[in-house]
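Worksheet: the structure to be examined is printed underneath.
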There are 2 protein chains.
Amino acid sequence: MEKEISQAVIRRMPRYYRYLGELLDAGTERISSNDLSKRMHVTASQIRQDLNNFGGFGQQGYGYNVKFLYEEIGKILGLNEKHNVVVIGVGHLGQAIANYSNFAGLGFEITGLFDVDPDVVGKEINGVTVHHIDDLEECLKDRNVDIAALTLPKSQAEKTARKLVELGVKGIWNFALVDLDELDDVTVENVHLSDTLMQLSYNITKKK
Amino acid sequence: MEKEISQAVIRRMPRYYRYLGELLDAGTERISSNDLSKRMHVTASQIRQDLNNFGGFGQQGYGYNVKFLYEEIGKILGLNEKHNVVVIGVGHLGQAIANYSNFAGLGFEITGLFDVDPDVVGKEINGVTVHHIDDLEECLKDRNVDIAALTLPKSQAEKTARKLVELGVKGIWNFALVDLDELDDVTVENVHLSDTLMQLSYNITKKK
DNA sequence: ATGTGTTTGTTAAATGTTTGACATACCCGA
DNA sequence: TCGGGTATGTCAAACATTTAACAAACACAT
């Protein structure tokens with residue numbers, strides 16, 4: 001078995017991907033770890049070390065080919081394959097996610113919206129109809145949905161997450177204020193917005 | 001000068017705060033680092049180490065008083081003071097933030113909404129009227145706004161952020177897809193949702 | 001009041017991450 | 001084709017974080 005790559009590295013990959021995308025758009029053909037380090041405000045050493053976890057993408061005396069590296073990082077992040085995403089809980093945040101067009105460009109397609117609120121069920125958001133959560137099983141059948149965004153009250157998060165796992169969902173993008181790390185057979189990415197706001201609050205307060 | 005506390009520790013504090021809040025609601029009076037570690041799935045050693053960065057909140061042979069510890073962590077995170085927050089960019093995500101009632105309970109009050117879109121300006125969201133961004137200076141005057149949530153296209157993020165800093169904003173909660181780390185005189189907390197989605201994608205893909 | 005058991009605060013070891021250094025490989029101009 | 005310059009990949013050192021271990025302090029039952 002290959003050696004595990006640390007999450008510290010993985011957290012940085014999307015950022016590399018973003019900067020390389022911008023370089024690509026600007027028509028830049030090659031970039032050295034040194035130049036990239038200046039743009040990104042990280043050390044060149046870290047960039048080389050990070051990339052080398054996945055293979056030798058560069059060339060001595062030349063640097064990295066922007067297009068090639070961009071695509072390779074895309075593959076590493078699984079962006080070469082399309083991901084079908086369902087959003088569970090169509091409140092304001094759920095709607096924001098359903099409407100966020102950037103995701104489509106990264107290969108994430110919103111293929112289903114679910115809620116319990118009769119005022120919301122039946123509505124169409126960004127071209128996708130909101131279904132009742134009781135229809136989850138039927139709607140997901142043979143649809144190859146691998147990611148679910150959970151934007152619902154915490155009281156219902158775990159129960160719903162379990163059901164999603166049963167239905168074959170591989171990843172949960174969890175916005176509910178509970179930690180779902182103890183679930184088996186699924187990868188959870190917790191996004192606790194209020195936590196980041198509190199971090200900001202701490203860092204402001206500290207400076208005073 | 002006191003020794004700097006690492007961001008690794010700070011990132012965990014909101015989670016402690018959340019668990020303690022739940023214990024408090026459940027009427028629990030005291031908790032040991034050992035019991036808490038089992039609930040939170042972290043080591044007891046880490047809990048004690050983390051808390052001791054800020055002072056000795058516990059007592060040997062007893063553990064920690066839940067209410068006291070909850071309040072102390074609140075103070076550490078700056079939640080004892082009220083924070084006025086403005087949201088710049090009232091798209092779907094901006095509206096989601098404006099409507100998210102949890103923040104109020106933590107001492108964050110949305111006191112202003114701003115956008116450039118004439119279809120949005122003048123609308124009222126969750127009791128707050130949307131103003132045109134040109135009125136920013138006038139609206140912020142003497143209002144003691146210390147946090148701005150930036151939910152606007154990346155092209156305008158940096159320019160707007162600079163203006164906000166000029167107007168006295170101390171913290172930027174940045175949802176725009178640019179890194180604003182190079183700004184002076186302000187604390188930035190970048191929240192790149194698509195980055196977390198890509199991390200999730202990586203972790204799913206890896207397991208296959 | 002005393003002694004046993006509990007649990008902290010703290011030190012030191014273990015582990016993980018980041019940075020610096022440099023040999024090696026390759027580009028590119030002449 | 002050759003040689004100086006450039007930039008990678010990698011190794012080891014420096015630094016940071018996490019875990020384990022334990023003495024000191026206190027609670028609580030008797």
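These numbers come from the heavy atoms of this one structure, side chains and all, not from hydrogens, waters or symmetry mates.
The base of C:dT8 sits within donor-acceptor range of the side chain of B:Q60, with an N or O pair under 3.5 Å.
For B:I47 and C:dT7, the CD1 to P distance is 13 Å, given to the nearest whole Å. When rounded to the nearest whole Å, the span between CZ of B:F54 and P of C:dT8 equals 17 Å. The interatomic distance linking B:N52 (CG) with C:dT8 (C1') rounds to 8 Å, in whole Å. We find that CD of A:Q59 is positioned 10 Å from C1' of D:dA7, with the value rounded to whole Å. Here the P atom of nucleotide C:dC26 and the CG atom of A:N65 are 16 Å apart, to the nearest Å. Spacing between atom CZ of A:R11 and atom C1' of C:dT17 amounts to 11 Å, rounded to whole angstrom units. Here the C1' atom of nucleotide D:dT10 and the CG atom of A:N53 are 12 Å apart, to the nearest Å.
Counting heavy atoms from C-beta on, the side chains of A:L164 and A:L140 come closer than 4.5 Å. At a threshold of 4.5 Å between non-hydrogen side-chain atoms, the residues A:R143 and A:N84 do not count as touching. Proximity of A:V128 to A:V87: side-chain heavy atoms (C-beta onward) are nowhere separated by under 4.5 Å.
Aromatic pair B:F108/B:W173: centroids not less than 6.0 angstrom apart.
Distances shorter than 4.0 Å separate some side-chain N or O of B:Y64 from OP1 or OP2 on C:dG9.
Between B:R12 and the choices B:D50, B:V42, B:I47, the side chain to side chain contact (heavy atoms under 4.5 Å, CB included) rule is met once, by B:D50. Screening A:I97, A:V191, A:N174 for a side chain to side chain contact (heavy atoms under 4.5 Å, CB included) involving A:T151 leaves a single residue, A:I97.
The side chain of B:R48 lies closest to C:dT10 when the candidates are C:dC28, C:dT10, D:dA27.
Salt-bridge formation is detected for the pair B:E71/B:K67: a Lys NZ or Arg NE/NH1/NH2 atom is positioned less than 4.0 Å from an Asp or Glu carboxylate oxygen. Classification of A:R162 and A:E166 as a salt-bridged pair fails, no side-chain N sitting under 4.0 Å from a carboxylate O.
Residue A:Q7 places its CD atom among more than 12 non-hydrogen atoms of other residues, nucleotides or ligands, all under 6.0 Å distant.
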Produce the list of close N/O pairs, under 3.5 Å, pairing protein atoms with atoms of nucleotides 15-18 of chain D; give distances to one decimal.
{"residue": "D:dT18", "atom": "OP1", "partner": "B:R12", "partner atom": "NH1", "Å": "3.1"}
{"residue": "D:dT18", "atom": "OP2", "partner": "B:R12", "partner atom": "NH1", "Å": "3.1"}
{"residue": "D:dT18", "atom": "OP2", "partner": "B:R12", "partner atom": "NH2", "Å": "2.8"}

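Non-hydrogen atoms lying under 4.0 Å from DNA chain C are contributed by A:R30, all within residues 21-39 of chain A.
Between A:S45 and A:Y62, the one whose closest nucleotide on DNA chain C sits nearer the 5' end is A:S45.
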